[in-house]
Student: 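Could you have a look at this structure, given as structure tokens, before my questions?
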Amino acid sequence: MEKTFENWLVVSDIDGTLNNKFRKLPRRNYDAIKKFTDLGGNFTLASGRLQSSLGRNYNRITPNQPAVVLNGAGIYDYNQNKMIWRSTIGEKGQNFVRQIADEFDEIFKSVDIGVYFDDYVYIVKNGLLSKGTMYFDKANHEVVRSIDDVPKEGWMKVIFWSNPITMNKLRELIDRFPNPDANFMSSSLWSFEMLQKDTHKGVGIMKLADMLGIDKSHVAAIGDYYNDWDMLKTVGLPACAGQAPTSIHKICKFEACHCNKGCVADLLEYIMSGEAEANIGK
């Protein structure tokens, strides 16, 4: 009788991990996910995206558990069509965003700001970078004149966009301020993200694992960049795509192939072979 994997939860990042560098899903990943879920394994996705944007990738494969959205600020159940857990930014964090908006108000050092809710984004200072993100993510959004025009309840995530020089100035400003009950992470040279303190993909994944009754030693996650760092440091079996930076490789217990070749399949085949089970605790 073929072994089953009900005691495993595997979570994948999307771009550069589930998808290749051309944002296409390798057939090898699809086949391995289907085999794993057919054998009772629990599989889902974790991303910084809104639920509607993530859903377009979720629906292309055979996941069988709720997804971690907005970099860990929420867990969304696509079967029930509802957010089943969320971590929102408090008043201290909201006030800090207002300070950023004031500090970078001049046009030549302007920072676009996106305030993310369950499935909606309010954009302040609508420049090319925020426009591009909304276009590629096909996100429901509204442009407002001021951060004060954004509703006060339900902030899940904030993204700051600007050129790399201004982004460095923003990071320096953040380092000088007392921590505003927030968790900050760099998502690219052009963007910087903020969530409520102690909120990241790993927190969302472990909340989901608790809901499913799965032990940390059998929770695996795979990613490819620094915004996956906290996720990989949290789970029992951290894995990375072959093209991930060296520092990401160093914190992982399993190193897969390049995302173009189907790195998620590498991880799932490692688990289904029984080798991952044999290596637990080593």
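For reference, positions follow the sequence shown, starting with 1.
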Student: Hey, are the side chains of I75 and M83 touching, using non-hydrogen atoms and a 4.5 Å cut-off?
Tutor: no

Student: Can you tell if the side chain of W8 reaches within under 4.5 Å of the side chain of I214, non-hydrogen atoms only?
Tutor: no

Student: Within the distance-only criterion (no hydrogens, no angle test), does the side chain of H249 pair as donor or acceptor with the backbone N or O of A244 below 3.5 angstrom?
Tutor: yes

Student: Is K169 paired with E103 through a side-chain N to carboxylate O contact shorter than 4.0 Å?
Tutor: no

Student: Show your working on side-chain contact (heavy atoms from CB on, under 4.5 Å) between L268 and K35 and close with a plain yes or no.
Tutor: CA-CA 9 Å; L268 292 174; K35 181 177 181 180; over 6 Å; no

Student: Any chain of hydrophobic side-chain contacts (each under 4.5 Å) joining V158 to M167?
Tutor: yes

Student: For G223 and D13, which heavy atoms make the closest approach, and how far apart are they?
Tutor: CA-CB, 4.0 Å

Student: Closest approach of S47 and I14, non-hydrogen atoms and distance?
Tutor: CB-CD1, 3.7 Å

Student: Under a 4.5 Å cut-off applied to non-hydrogen side-chain atoms, are L208 and W85 in contact?
Tutor: no

Student: Measure the acute angle between the ring planes of Y116 and W161, then classify it against the limits of 30° and 60° as parallel, tilted or perpendicular.
Tutor: tilted

Student: Find out whether I113 and K125 are in side-chain contact, i.e. whether some heavy atom of one side chain is under 4.5 Å from a heavy atom of the other.
Tutor: no

Student: State, yes or no, whether a side-chain contact exists between F254 and I222 at a heavy-atom distance under 4.5 Å.
Tutor: no

Student: How far apart are the closest heavy atoms of A221 and L232, and which atoms are they?
Tutor: O-CD2, 3.5 Å

Student: Considering only heavy atoms from C-beta outward, does the side chain of R171 approach that of S186 to under 4.5 Å?
Tutor: yes

Student: Would you kindly confirm whether Y58 and M156 end up in one hydrophobic cluster when ILVMFWY residues are joined by side chain heavy atoms under 4.5 Å apart?
Tutor: yes

Student: Any chance you could measure I271, atom CD1, to K3, atom NZ, to the nearest 0.5 Å?
Tutor: 11.5 Å

Student: Considering residues at least two apart in sequence or located in another chain, which fulfil the side-chain hydrogen bond (donor to acceptor under 3.5 Å, both in side chains) criterion with D198?
Tutor: none

Student: Does the N163 side chain pair with the main chain of T166, one donor and one acceptor, at a distance under 3.5 Å?
Tutor: yes

Student: Could you tell me whether a side-chain N or O of T17 sits under 3.5 Å from a main-chain N or O of S12, the two making a donor and an acceptor?
Tutor: no

Student: So, the side chain of S162 versus the backbone of S110: is there a donor-acceptor pair under 3.5 Å, distance only?
Tutor: yes

Student: Can you tell me if NZ on K92 sees more than 12 non-hydrogen neighbours from other groups inside 6.0 Å?
Tutor: yes

Student: Can you give me the closest heavy-atom contact between Y78 and A67, atom names plus distance?
Tutor: CE1-CB, 3.7 Å

Student: Kindly give the heavy-atom pair with the smallest separation between N29 and V264, and that separation in Å.
Tutor: OD1-N, 3.3 Å

Student: Taking the side chain as every heavy atom from C-beta outward, state whether N140 and V121 have any pair of such atoms under 4.5 Å apart.
Tutor: no

Student: Treating D228 as the side-chain partner and Y225 as the backbone partner, does any N or O pair qualify as donor plus acceptor under 3.5 Å?
Tutor: yes

Student: Mind checking the CD1-CE spacing from I159 to M185? Nearest 0.5 Å is all I need.
Tutor: 10.0 Å

Student: Decide side-chain contact (heavy atoms from CB on, under 4.5 Å) for L237 and L267; before the verdict, give the C-alpha distance in whole Å, the side-chain angles of both, and the deciding distance to 0.1 Å.
Tutor: CA-CA 10 Å; L237 175 54; L267 174 61; 4.1 Å; yes

Student: Which class fits the ring pair F36 and F43: parallel under 30°, tilted 30 to 60°, perpendicular over 60°?
Tutor: perpendicular

Student: Within this structure, what is the CG-OG1 distance for the pair N71 and T199, rounded to the nearest 0.5 Å?
Tutor: 10.5 Å

Student: Would you say V111 and I123 are hydrophobically clustered, going by side-chain heavy atoms of ILVMFWY under 4.5 Å?
Tutor: no

Student: Look at the side chain of N42 and the backbone N and O of E6, then say whether any donor-acceptor pair between them is shorter than 3.5 Å.
Tutor: yes

Student: Find out if a path of hydrophobic residues (ILVMFWY) with successive side-chain heavy-atom gaps under 4.5 Å connects L170 to F177.
Tutor: yes

Student: Within the distance-only criterion (no hydrogens, no angle test), does the side chain of T37 pair as donor or acceptor with the backbone N or O of I33 below 3.5 angstrom?
Tutor: yes

Student: Could you measure the distance from the CG atom of N183 to the OG atom of S87? Nearest 0.5 Å is fine.
Tutor: 9.5 Å

Student: Going through the checks in order, is the side-chain contact (heavy atoms from CB on, under 4.5 Å) test met by D15 and R49?
Tutor: CA-CA 11 Å; D15 294 321; R49 301 183 187 191; 2.5 Å; yes

Student: Among residues at least two apart in sequence or on other chains, which ones pass side-chain contact (heavy atoms from CB on, under 4.5 Å) with T234?
Tutor: H200, M206

Student: Between R28 and K261 (side chain of the first, backbone of the second, donor and acceptor by atom type, cut-off under 3.5 Å), is there such a pair?
Tutor: yes

Student: Walk me through whether D112 and T133 qualify under side-chain contact (heavy atoms from CB on, under 4.5 Å).
Tutor: CA-CA 11 Å; D112 292 359; T133 303; over 6 Å; no

Student: Taking K201 first and then D230, would you say they form a salt bridge - that is, a charged N and a carboxylate O separated by under 4.0 Å?
Tutor: no

Student: How long is the straight-line distance from CD of E153 back to CZ of F117, given to the nearest 0.5 Å?
Tutor: 9.0 Å

Student: Okay, side chain of N227, backbone of S187: is any donor-acceptor separation there less than 3.5 Å?
Tutor: no

Student: Between R60 and N19, is any pair of side-chain heavy atoms under 4.5 Å apart?
Tutor: yes

Student: State plainly whether one hydrophobic cluster holds both M134 and W155, where clusters connect Ile, Leu, Val, Met, Phe, Trp and Tyr through side-chain heavy atoms under 4.5 angstrom apart.
Tutor: no

Student: Using side-chain hydrogen bond (donor to acceptor under 3.5 Å, both in side chains) as the criterion, list what pairs up with N64, not counting sequence neighbours.
Tutor: none

Student: Going from CZ on F184 to CE on M194, what distance comes out if it is rounded to the nearest 0.5 angstrom?
Tutor: 5.0 Å

Student: Would a distance-only check, ignoring hydrogens and angles, find a side-chain to backbone donor-acceptor pair under 3.5 Å from K253 to G236?
Tutor: yes

Student: Using the rule side-chain contact (heavy atoms from CB on, under 4.5 Å), only one of L50, L70, N81, V68 pairs with Y76; which is it?
Tutor: N81

Student: Which pair of non-hydrogen atoms, one from C252 and one from C240, has the smallest distance, and what is that distance?
Tutor: SG-CB, 3.6 Å

